[in-house]
Q: 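Dropping the structure in here first, questions after.
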Amino acid sequence: MTTLSYSVAIILMTMGLWAMLSKKNLIKKLMGLAIFQTGIILFFISMGAKEGATIPILDHHGYGGIYSDDYANPLTQILMLTAIVVGVATLGLGLALARKIYAHYGSFNEDDILANLREPNE
Amino acid sequence: MSSQWAFLAMGIPFFTALIMGSVGYAAPRFMRWIGATGITLAVFASIGLWSTVSTDEYVSYFFGGWLPPIGIALEVDRISALMVLMVHGVAALAYIFSLKALPNELPASKHPVYYTLYFLLISGFVALAVTGDVFNVYVLFEVCALSGYALLAMGGKKAYVPTFNYVLMGSLGACFYLIGVGYLFIKTGTLNMAHLADVLPTVFFSRSILTAFILITVGLFVKMALFPFHGWMPNVYTKAPVSTLCLMAPLGTKICVYVLLRVVGYVFSMEYMTNILAVQPIMMTLATLAIVVGTLYVVYHRHLTRIIMFIIVSEIGYMVGGIFLGQMDSVIGAVYHIAADALMTVTLVMVAGVVRHCLGGDAIADVAMMFRRLPTTAIAFVIVCLSVIGVPPMPGFFSKFLLIKGAFMSGYYGFAVALLIASLTAVFLFFRFFEGYFYMKTDNTAPSVIQEPWAYRIPLVVAAIGLVGFGLSFSYWYGFIKLALPLGLA
């Protein structure tokens, strides 16, 4: 079961990386970044997951003893909460920039933009 | 009291950013005073931190009183204190410079948000220097990077495309770092640097740790623009506003080198790097290549700003090489060079900015014109040139001396040769500017001398004096850094 989730994480990361590096469209590049980050999030969450464990919230303040085996590791989830926030901020900033670029060059395609970008003796 | 300095050095710019964001729009008149107060207090905090570690060696601050490894800690040793001093010193110079430079570049309506991001960036840099937690490093990378992207993109239309590429590359670097941290966490179950250093030796031969090392170093290399990964840096920096550049160019890449030292020297330990992994030859090749390639580009380009960017690329090679040489002297040289290079870069960038604003361009001919028309700037430029070349009383000489000594001691002669080539090229490069002055055809109308505004002159003079002072006080800094070095150095 764990192998499966790690495999999915790795596949997502490679997909995202490939999209970021090889796609010409700026929006697709940003989608690749988002997929890459999703892969990382899944990777961290799989780390903290346990067979048969539940979410790490103590519903009755631990009457009758708390067994760490019953709960997933909360630390990785908290780390990923931060990473999600960072990812959203990066994506928002990237989209804002892409919008500015589109307004100026009239295209999301990297080749068209580069063709417009060439300036004499820059 | 003493342990509060670590938080204050990071917290003061952060709260300045918050106040700036809320007050800036309501009362723009007070903005520059808020900034000036914030940066002055921050410089005081960094001096306080410095004097504390001079006596105590080590300062820790635990958030909420939770002790690590459960809580998050700020841990400041002498090297981090030097970094904090460097960040605040450079930021103070850059702030004074921006008072005059920014109105030339951005409409006043954007100043509040600009300065909010500006102080956020400063606090991110300081926090990177003082944090003691590997995951926090990732978050702070993104704090710096996100505010940095926005500040760089304010350079206008030309800056959008390079900044977009920087967003992708910067996020990629940070993500690689994060995956590496994940591998460390799987194997050790902790994120605190000191705790990791304790636990890691038991699992040194595990393949996960190897993967973690590779991912983390590659991520950091992308962030610091080491040679094969440097592509994003020159473009984005040359299109940015000069006031942003004063802050980003000296600190953005240097602080990543510091994080590399922290991670390689203190978390993984030098022993792991040299003996168990034996990556030293590869890393030294990378560093040597970075110096050589940066140097070649420096000769090729003809605009001062672009030349500065490739000087940075080759200087990154110096520092990475110094760290991976693993000799005591070379690591001291690398740390000393981080601070020295930050000071040199900020001076160079300010000179380029003054030339751009006062003479309308930064090609070699314009810069040569500076010797006739902007005497104060010219003096600062000559001083910083001497330091980049490595003339004795300047800091550039001492760091190069230590690095070359380390290279000879561990037998990487190629690195020593690359350093000397870089010095010679710097001589050649700067004499192109001097030559432009001495042999330039002049029409008989003597060009008038332009008085630089005070906001340009003060930081330039202070930076030039600071450079000389930093070089003259070398023996003090040598002893200061020596006590905080990682274990296991040859």
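Here the structure is a predicted model, which is why all the values come from computation and not from measurement. The figures here come from the full heavy-atom set of this structure, side chains too, leaving out hydrogens, waters and symmetry mates. Reminder, nothing fancy here: chain letters follow the sequence lines and each chain counts from 1.
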Q: Below 4.5 Å from any heavy atom of chain B, which atoms of A:L93 appear? Answer side chain, backbone, both or neither.
A: side chain
Q: Using a 6.0 Å cut-off, check whether atom CG of A:L95 has over 12 heavy atoms from anything other than its own residue.
A: yes
Q: What are the two closest heavy atoms between B:K157 and A:Y105, and how far apart are they?
A: O-OH, 4.1 Å
Q: Between A:L26 and chain B, which part of the residue has a heavy atom less than 4.5 Å away: side chain, backbone, both or neither?
A: both
Q: Between B:L146, B:V167, B:V139, who has the most heavy-atom pairs with chain A when the cutoff is under 4.5 Å?
A: B:L146
Q: At a heavy-atom distance under 4.5 Å, which candidate from A:T76, A:I40, A:L17, A:L75 has the highest pair count against chain B?
A: A:I40
Q: Of the backbone (N, CA, C, O) and the side chain (C-beta and beyond), which part of B:N165 lies under 4.5 Å from a heavy atom of chain A, both, or neither?
A: side chain
Q: Could you tell me whether A:F43 and B:Y183 have their ring centroids closer than 6.0 angstrom?
A: yes
Q: Using a 4.5 Å cut-off on heavy atoms from C-beta on, say whether the side chain of B:Y160 contacts that of A:I113.
A: no
Q: Where does A:T82 contact chain B at under 4.5 Å (heavy atoms): side chain, backbone, both or neither?
A: side chain
Q: For atom OH of B:Y297, is the number of surrounding heavy atoms from other residues, nucleotides or ligands below 6.0 Å larger than 12?
A: no
Q: Would you call A:L79 and B:V181 a side-chain contact if the rule is heavy atoms closer than 4.5 Å?
A: no
Q: Taking all atoms of both residues into account, what is the closest heavy-atom pair of B:I179 and A:F36, and its distance?
A: CD1-CZ, 4.0 Å
Q: Please classify the contact between B:F164 and chain A as side chain, backbone, both or neither, with a heavy-atom cut-off of under 4.5 Å.
A: both
Q: What part of A:A98 gets within 4.5 angstrom of chain B, counting heavy atoms only: side chain, backbone, both, or neither?
A: both
Q: Go through A:V85, A:L30, A:L21 and name the one with the most non-hydrogen pairs under 4.5 angstrom from chain B.
A: A:L30
Q: Count the heavy atoms of every other residue, nucleotide or ligand shown that sit under 6.0 Å from OH of A:Y102, and state whether that count exceeds 12.
A: no
Q: Kindly give the heavy-atom pair with the smallest separation between A:M20 and B:L168, and that separation in Å.
A: CE-O, 3.6 Å
Q: If you round to the nearest 0.5 Å, how far is OH of B:Y166 from CG of A:L97?
A: 12.5 Å
Q: I need the minimum non-hydrogen distance between B:C175 and A:Q37, along with the two atoms involved.
A: SG-CG, 3.7 Å
